[in-house]
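Small disclaimer: the values here were computed from a predicted structure and weren't measured. We number each residue from 1, following the sequence as shown.
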Amino acid sequence: MTGPRFDRYDWAGGRETMLRFGPDAGPLVVAVLPLFEEANRTRAFLVAMLRALAGRGIGSILPDLPGTGESVVETRDLRLPDLRQAFAALVGTLDAPVYAVTILEWCVRRLRRQSCRAMAARAAGGR
């Protein structure tokens, strides 16, 4: 199954929602959105990437961590230890190799302005 679907995971502070793409078997990419306003700016980009992975047979998960997205925890109650604990609980329930990825908002802005090839050349010391 490659279509997006909703699922849930439990952690010590409650139950949260996650969006799943692609197959359930095999390695999984767990994608985490940046916090606050950056999440709003990067969500569509990250979902498009996860859909593309699903189209190539790679499963992925986009969880709502406590205090983010559609979480039952209010944003004002967000605590870094809770984010870590929820992420660890989610990954601990998965019976597959897991690869984590996040998108930094400044990277998305740069990708819009220049090609990936140009960024890679600069990173390698070229112009």
Side-chain angles (χ1 to χ4, degrees):
M1 174 181 227
T2 59
R5 60 212 177 275
F6 288 99
D7 200 352
R8 296 191 178 273
Y9 71 97
D10 294 314
W11 69 287
R15 176 172 275 188
E16 298 291 350
T17 303
M18 61 182 163
L19 191 56
R20 294 186 75 128
F21 299 86
D24 293 330
L28 289 169
V29 173
V30 179
V32 179
L33 288 168
L35 297 176
F36 311 119
E37 187 60 31
E38 287 80 14
N40 296 330
R41 286 182 251 188
T42 59
R43 185 177 190 91
F45 176 79
L46 193 53
V47 166
M49 183 179 80
L50 299 179
R51 285 180 188 269
L53 288 171
R56 289 166 178 76
I58 300 169
S60 60
I61 297 171
L62 180 61
D64 283 336
L65 295 174
T68 69
E70 302 301 318
S71 172
V72 296
V73 175
E74 294 287 334
T75 302
R76 70 174 176 262
D77 297 328
L78 183 148
R79 303 287 181 265
L80 187 56
D82 291 344
L83 297 175
R84 290 179 179 151
Q85 186 178 30
F87 185 82
L90 166 62
V91 171
T93 65
L94 302 173
D95 190 26
V98 174
Y99 300 90
V101 65
T102 191
I103 301 294
L104 300 174
E105 195 270 333
W106 66 267
C107 288
V108 174
R109 282 197 313 258
R110 291 204 53 154
L111 284 172
R112 289 181 188 143
R113 284 187 257 161
Q114 62 189 47
S115 73
C116 293
R117 183 178 293 145
M119 286 179 72
R122 283 198 179 109
R127 275 258 169 215

Practice prompt. Identify the heavy atoms of Tyr9 and Ala86 that sit nearest to each other, and give their distance.
Written response: CE1-O, 3.6 Å
Fill in: Residue pair Met49 / Val101, side-chain heavy-atom distance below 4.5 Å
yes
Which donor-acceptor pairs under 3.5 Å do side chains of residues 50-65 form with protein atoms, sequence neighbours excluded?
unit_1	atom_1	unit_2	atom_2	d
Arg56	NH1	Ala52	O	3.1
Asp64	OD2	Glu70	N	3.1

Worksheet entry | side chain to side chain donor-acceptor pair (under 3.5 Å) pairs, two or more places apart, involving residues 75-101 | none
Worksheet item: Which pair of heavy atoms, one from Gly67 and one from Ser71, lies closest together, and at what distance?
Response: N-OG, 3.0 Å
Discussion item. Any non-hydrogen side-chain atom of Leu28 less than 4.5 Å from a side-chain atom of Arg20?
Written reply: yes
Worksheet item: Can you name the side-chain contact (heavy atoms from CB on, under 4.5 Å) partners of Asp10, sequence neighbours left out?
Response: Arg15
Practice prompt. Check the pair Val30, Phe87 against side-chain contact (heavy atoms from CB on, under 4.5 Å), reporting the backbone distance first and the verdict last.
Written response: CA-CA 9 Å; Val30 179; Phe87 185 82; 3.6 Å; yes
Discussion item. Less than 4.5 Å apart, side chain to side chain, heavy atoms only: is that true for Leu35 and Leu83?
Written reply: yes
Worksheet entry | Which residues share a side-chain hydrogen bond (donor to acceptor under 3.5 Å, both in side chains) with Thr68, sequence neighbours left out | none
Item to complete: Could you tell me which residues satisfy side-chain contact (heavy atoms from CB on, under 4.5 Å) with Val72, sequence neighbours excluded, listed by chain and number?
Response: Glu16
